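Just so we're clear, the structure is a prediction, and the values are computed from it rather than from any experiment. Letters A, B, ... are given to chains in the order of the sequence lines, protein chains preceding strands, and every chain is numbered from 1.
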There are 2 protein chains.
Amino acid sequence: MDPHLLRTFIAVATTGSFSAAAAELGYTQSAVSQHIAALENSLGTALLTRRPVAPTPAGERLLEHAGAILLRIEAARADVRRVVGEPPGEIVFAATPLAGATRVARALTQLRQTRPGIAVTFEVARRDEVARGVASGAYHLGLVDGIAAPSDPLKLPDVGAVRTSAVAQDKLVVVLPDDHPLARRKRLGLPALVDARWIDAPDVAAPLPDLRAATETDGIRAALTYSGTDILCLLALVAAGHGLAVLPASLDLPADVAAVPVHAPRLVHRTELLYGHLDEPQATDLVAALTAPAIRRTN
Amino acid sequence: MDPHLLRTFIAVATTGSFSAAAAELGYTQSAVSQHIAALENSLGTALLTRRPVAPTPAGERLLEHAGAILLRIEAARADVRRVVGEPPGEIVFAATPLAGATRVARALTQLRQTRPGIAVTFEVARRDEVARGVASGAYHLGLVDGIAAPSDPLKLPDVGAVRTSAVAQDKLVVVLPDDHPLARRKRLGLPALVDARWIDAPDVAAPLPDLRAATETDGIRAALTYSGTDILCLLALVAAGHGLAVLPASLDLPADVAAVPVHAPRLVHRTELLYGHLDEPQATDLVAALTAPAIRRTN
DNA sequence: AATGCTTACGAACAGCGTAATGATG
DNA sequence: CATCATTACGCTGTTCGTAAGCATT
């Protein structure tokens, strides 16, 4: 279970080819073959079928762990370096698309005020990319959002050394076309919507599995899957009648879609700050800045 | 960050001695020295002071990660073996002291019914020992308890491949001496008890840090710490007036202590089944057996 | 001086590449 | 027969133990 072996195992499993993995890792075919043989030998079981190259059941299982293990090691290294090394010359801040533009802006303001000389980079990424990046030190700060029960923490991938603070909890809305029969309702329960047409846009709206878990049904089915991260694009899809989506209530919406509050007992949109690599006082200042009451527009 | 190096680092840091670590691991002093040197070299920083041998700040940080990394690797290995190997000839079941005797008994009944020929071992351990053991395959099943907000999962040590199911949520009681001024109250709020004398018995009662987190104060201070796992002993300490403790309401109590329900808004005693190494249908059967309505004694 | 970590050095081993071999479509 | 994984083999670098060195109590 040498990390090197795990790394090449991941490469082989994802590329589906020993030679491609070798090229990717800068090894030779032969070395990759030896790595896999060593790993299979040490675990006493075949991990990959050859021709075609694909993980066996045992390999599937290992694959679930391998990435997490490497990430954990990387996180440890980053954490140690943080204690030792001088403070970074640049701060990289990552957020998920729905983390909230105003909050992001405020975080950036706070960062640039407290560290005048330091360059700040901002980046949008998917939720687990942010989590992994913060854990491994690629990002210094992350803002992630997701669906959870009130005051529950978000379910982040097993990532280790990342500290989190809740930053906001918003209500949820169902977004539907403006001319949808339900668009004028004051509120909607999710059970009533189980049989609706849904757009599954896990990177930009509430992921359907989360909704399924919350409603404890498995009737919520995706009519269309959108894997991009562009909210406007998703809203256009909704407006065009391709399906519904659940979004945080805090968004500004265009006129051709309607938003109806979701009346789900234990379901909120939650935003969390991830700050594995920032010292505690700075982090609390930042959380304070982010949780400060917003200047709300009346509309 | 070779796992072997991490392992010897842990051994050195915990024993406080290179030679003792060498003896523990079956290496020679010299090898241990080289391991540590290699690790420090690869991280570019000193991890241990010599004479006396103690972790530096960077070492402390690494130490927090090292165990988790090794555990994660062990969990992966155990998980793969589970897919491959034949079913174990013996089932080892571990539970925390407060997981509930009746529930434990029921779990054992269920296990022995579904697998008539198989020996079952039962063991009591601390919460993170159970979690680690289940993750690494040392235990096949675990039942752990703890304090949490309703329907929140328990905060278990970062353990990776363990699946959990909630099995029960009990109310909490404050246990006090029978002649305590508050003993006749119908219920008590934790804030009112902030300045009381508490017994910190993290392995057998609600750990004070959990209560502090729940009350959002830091006034709950331990007058006495009890690190054993014997409930009767703890109750005797309470009866003798050494302090209060918070326990699940489902316990049977002796006559010389009184139990007053805790009126804390979002605080319950929760029991979870950990079943990393049991297949899904068996696990759900077991959860069903455990969550079935109890035969309640009226008293 | 004794204890205990470090360094030097040689032997055993493991890891990688080249190249030959084997299997599969 | 072409592609791609495996095996054979030699080289290199790493790891461990023995033994000598060195620092601290």
Next item on the list: Specify the residues of residues 15-32 of chain A, ordered by number, for which at least one heavy atom lies under 4.0 angstrom from an atom of DNA chain D.
Entry: Ser17(A), Phe18(A), Ser19(A), Gln29(A), Ser30(A)
Notebook entry, point to check: Going by an N to O cut-off under 4.0 Å, is there a salt bridge joining Glu129(A) and Arg132(A)?
Noted result: no
Margin query: Counting only side-chain nitrogens and oxygens, does His35(A) get under 4.0 Å of the OP1 or OP2 atom of dC16(C)?
Written below: yes
Next item on the list: Taking Thr96(A) for its side chain and Asp145(A) for its backbone only, find out whether a donor-acceptor pair lies under 3.5 Å.
Entry: yes
Note to self: Tell me the interatomic distance from Leu47(A), atom CG, to dA5(D), atom C1', rounded to whole angstroms.
What the structure shows: 16 Å
Note to self: So Arg7(B) and Ile69(B), do their side chains get closer than 4.5 Å, heavy atoms only?
What the structure shows: no
Notebook entry, point to check: Separation of Asp2(A) atom CG from dT15(D) atom C1', in whole Å?
Noted result: 14 Å
Next item on the list: Give a yes or no answer on whether the side chain of Glu74(B) reaches the backbone of Leu71(B) with a donor-acceptor pair at less than 3.5 Å.
Entry: no
Margin query: Ring centroids only, cut at 6.0 angstrom: are Tyr27(A) and His35(A) within range, meaning strictly under it?
Written below: yes
Check: When you match Ala38(A) and Pro52(A) each to their closest nucleotide on DNA chain C, which lands nearer the 5' end?
Finding: Ala38(A)
Check: Separation of Leu48(A) atom CG from dC4(D) atom P, in whole Å?
Finding: 16 Å
Margin query: Among dT24(C), dT3(C), dC16(C), which nucleotide has an atom closest to any side-chain atom of Arg51(B)?
Written below: dT3(C)
Checklist line | Nucleotide dT7(D), atom C1' - distance to CD of Gln34(A) in whole Å | finding: 9 Å
Next item on the list: Assign the ring pair Phe93(B) / Phe122(B) to parallel, tilted or perpendicular, where the plane angle (0 to 90°) is split at 30° and 60°.
Entry: tilted
Check: Nearest-Å distance, CD1 (Ile36(B)) to P (dG4(C))?
Finding: 17 Å
Item checked: Between C1' of dA14(C) and CG of Leu39(A), the distance in whole Å -> 16 Å
